[in-house]
Amino acid sequence: MASRREGPLMRGGAGGGAGQPLSRGSRIAAAVAVGVALGCVCAFLYPDGLLSRSSDAALHWPRQADSVACETSEGVTSLKSHVVLLERKNAEFRKQINELTMKLQLAGQGKDEVLYKAGPFGTVKAVRKNPTVIPDESINPRLAKILQQVAIKKELIVARDPDEGVDNIGKVGGNHAVSGLKFRILREFLQLGYSVLLSDIDIIFFQNPFDHLYRDADVESMSDGHDNRTAYGFNDVFDEPLMGWARYAHTMRIWVYNSGFFFIRPTIPSIELLDRVAGRLSREPKSWDQAVFNEELFFPSHPGYEGLHISKRTMDIYQFMNSKVLFKTVRKDANLRKLKPVIVHLNYHPDKSERMKAVIEFYVNGKQNALEHFPDGSE
């Protein structure tokens with residue numbers, strides 16, 4: 001079969017004769033038709049025009065930038081205001097948390113909420129001290145600011161400026177009213193989260209007492225005991241011959257803690273102790289604060305009474321020395337005379353001024369016979 005080469009576009013004749021090339025005008029017309037067709041397609045696909053989007057973006061960009069900058073500035077101001085509002089709410093929430101935590105601690109006293117597994121024989125030890133309370137500065141903001149400046153490691157010896165209310169109670173209320181007020185005042189210090197070393201004014205300091213505290217109990221107190229047995233406790237046998245075979249009854253005895261010198265930590269049991277003592281002193285006008293202080297510390301729970309669950313420690317009687325220990329024992333013992341006490345409390349003797357001067361002469365100025373002319377007790 002013979003092949004045929006494609007030639008130029010031919011136009012067939014009427015009589016079926018050989019085709020002829022298209023004229024120039026026909027080609028222009030065809031190009032125009034193609035252009036119109038393409039224009040229609042573009043118009044359908046891009047009704048806003050090919051350059052409209054980019055040109056509009058270019059024209060409007062500066063205005064959008066200005067708008068964004070303005071909105072950013074307003075947003076920052078709004079955020080700052082919002083942060084301040086949140087901080088205020090957060091402070092309110094913290095206060096509520098403190099109050100609820102305090103209530104929870106009070107409600108949880110005496111309840112076994114945590115279970116422990118006991119260790120091997122001889123290794124088990126109970127918790128020695130209670131956790132401290134969450135400080136609540138709202139009870140006395142002025143005192144809180146003062147304590148922040150003067151307290152060292154959240155501990156201090158308490159001292160107060162003259163106060164009309166305190167002075168009036170001292171003038172007309174007597175010693176018991178003053179003692180009751182003392183425990184109420186201590187409560188504020190504990191609520192603010194500070195440990196307090198309470199000291200009477202008939203006490204001489206020879207060393208820094210804070211260097212000799214154990215801090216392993218709610219209360220550390222000096223003792224009115226005059227030797228190891230009376231200060232730290234002993235088994236005292238009571239004899240009742242009428243009982244015959246059961247005539248001997250064993251008792252546990254300890255001399256009382258001195259309510260004029262003790263260290264107390266800011267714990268729930270400590271605050272409860274202060275509340276109990278202050279409450280009883282206000283209800284029992286003839287009561288003695290030291291007796292009430294010890295009864296609340298030591299009396300166990302029994303029918304009709306719930307004892308205070310508080311930990312306590314007796315201070316070393318030769319470091320925190322009462323005047324009975326000094327004048328009855330220490331000054332007569334060659335070895336004990338060499339010891340330098342932390343404090344000496346002239347609680348057993350009424351002639352306090354003269355004895356205090358003599359104690360200073362003995363321990364500070366080294367006058368060895370300064371204490372000799374005083375009797376053991378009061379005349």
Side-chain angles (χ1 to χ4, degrees), residues 91-92 94-107 109 129-201 203 209-210 213 215 217-221 257-284 287 289-290 292-293 296-297 308-312:
E92 295 177 359
R94 282 198 300 268
K95 182 179 178 181
Q96 293 177 9
I97 290 173
N98 290 343
E99 294 174 353
L100 291 174
T101 302
M102 180 73 73
K103 292 179 180 179
L104 183 62
Q105 290 175 335
L106 287 171
Q109 292 297 307
K129 61 182 181 180
N130 291 294
T132 57
V133 300
I134 299 175
D136 182 9
E137 297 185 357
S138 64
I139 62 166
N140 195 331
R142 177 175 174 271
L143 179 60
K145 291 182 180 179
I146 295 174
L147 296 182
Q148 290 175 0
Q149 298 173 355
V150 302
I152 299 176
K153 296 181 180 179
K154 305 286 284 187
E155 298 176 343
L156 70 156
I157 300 176
V158 172
R160 289 179 70 90
D161 294 331
D163 181 88
E164 182 178 351
V166 176
D167 292 343
N168 184 61
I169 290 176
K171 292 176 182 177
V172 302
N175 292 335
H176 299 300
V178 172
S179 297
L181 181 63
K182 172 179 69 177
F183 291 101
R184 291 183 182 274
I185 292 174
L186 285 179
R187 191 186 204 278
E188 287 194 0
F189 289 89
L190 267 59
Q191 280 186 278
L192 292 172
Y194 290 85
S195 297
V196 174
L197 181 62
L198 179 73
S199 174
D200 279 351
I201 59 174
I203 293 177
F210 293 105
L213 298 174
R215 300 175 179 84
D218 297 312
V219 174
E220 291 182 59
S221 178
Y257 282 179
N258 192 291
S259 62
F261 191 89
F262 61 87
F263 178 75
I264 186 167
R265 296 176 58 250
T267 67
I268 291 296
S270 296
I271 294 176
E272 185 181 0
L273 169 66
L274 299 180
D275 289 350
R276 287 190 179 203
V277 175
R280 284 188 55 185
L281 291 175
S282 64
R283 296 189 303 270
E284 306 168 11
S287 59
D289 71 309
Q290 181 157 293
V292 174
F293 179 70
E296 296 298 335
L297 274 174
L308 182 64
H309 298 265
I310 189 169
S311 59
K312 45 198 171 289

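When side chains are defined from C-beta on, Ile271 counts as touching Gln191, because their heavy atoms get closer than 4.5 Å. In this structure, Phe183 and Leu273 have side chains that are not in contact, with every pair of non-hydrogen atoms separated by 4.5 Å or more. Between Ile264 and Leu198, every side-chain heavy-atom pair lies at or beyond the 4.5 Å cut-off. You'll find the side chain of Ile310 reaches within 4.5 Å of the side chain of Val219, heavy atoms only. Counting heavy atoms from C-beta outward, His309 and Pro269 have side chains that stay 4.5 Å or more apart. Using a 4.5 Å cut-off on side-chain heavy atoms (C-beta onward), Asn130 and Ile268 make no contact. Looking at heavy atoms from C-beta onward, Gln290 lies in side-chain contact with Asn258 at the 4.5 angstrom threshold. At a threshold of 4.5 Å between non-hydrogen side-chain atoms, the residues Leu197 and Glu155 do not count as touching.
Closest of all the heavy-atom pairs between Arg184 and Ala278 is CG-CB, 3.8 Å. For Pro141 against Ile139, the heavy-atom pair with the smallest separation is CD-C, 4.1 Å. Residues Asp136 and Ser138 share a closest heavy-atom pair of OD1-OG, 2.5 Å. Smallest separation of non-hydrogen atoms from Leu156 and Phe210: C-CZ, 3.7 Å.
Distance CZ/Arg265 to CG/Leu213: 11.5 Å, rounded to 0.5 Å. Distance check: Lys154 NZ to Gln148 CD gives 7.5 Å after rounding to the nearest 0.5 Å. A distance of 12.5 Å separates CZ in Phe263 from OG in Ser221, rounded to the nearest 0.5 Å. In this structure, Arg187 CZ and Ile185 CD1 are separated by 13.5 Å, a value rounded to the nearest 0.5 Å. Remark: Glu284 CD to Asp289 CG distance equals 12.5 Å, nearest 0.5 Å.
Residues satisfying the ring-ring contact (aromatic ring centres under 6.0 Å, His included) criterion with Tyr194, sequence neighbours excluded, are absent altogether. Here Glu296 pairs with Arg276, Arg280 under the salt bridge (charged side-chain N to carboxylate O under 4.0 Å, His left out) rule; sequence neighbours left out.
Between the side chain of Asp218 and the main chain of Ser311, a donor-acceptor pair closer than 3.5 Å is present. For the pair Glu220 (side chain) and Arg215 (backbone), a donor-acceptor distance under 3.5 Å is present. Between the side chain of Ser287 and the main chain of Leu281, no donor-acceptor pair closer than 3.5 Å is present.
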Given the rule in the side-chain contact (heavy atoms from CB on, under 4.5 Å) test, do Lys129 and Thr267 qualify, once you have shown the distances and angles that lead to the verdict? CA-CA 9 Å; Lys129 61 182 181 180; Thr267 67; over 6 Å; no
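The side chain to side chain contact (heavy atoms under 4.5 Å, CB included) with Ser270 is formed by just one residue from the set Leu190, Asp275, Thr132; it is Leu190.
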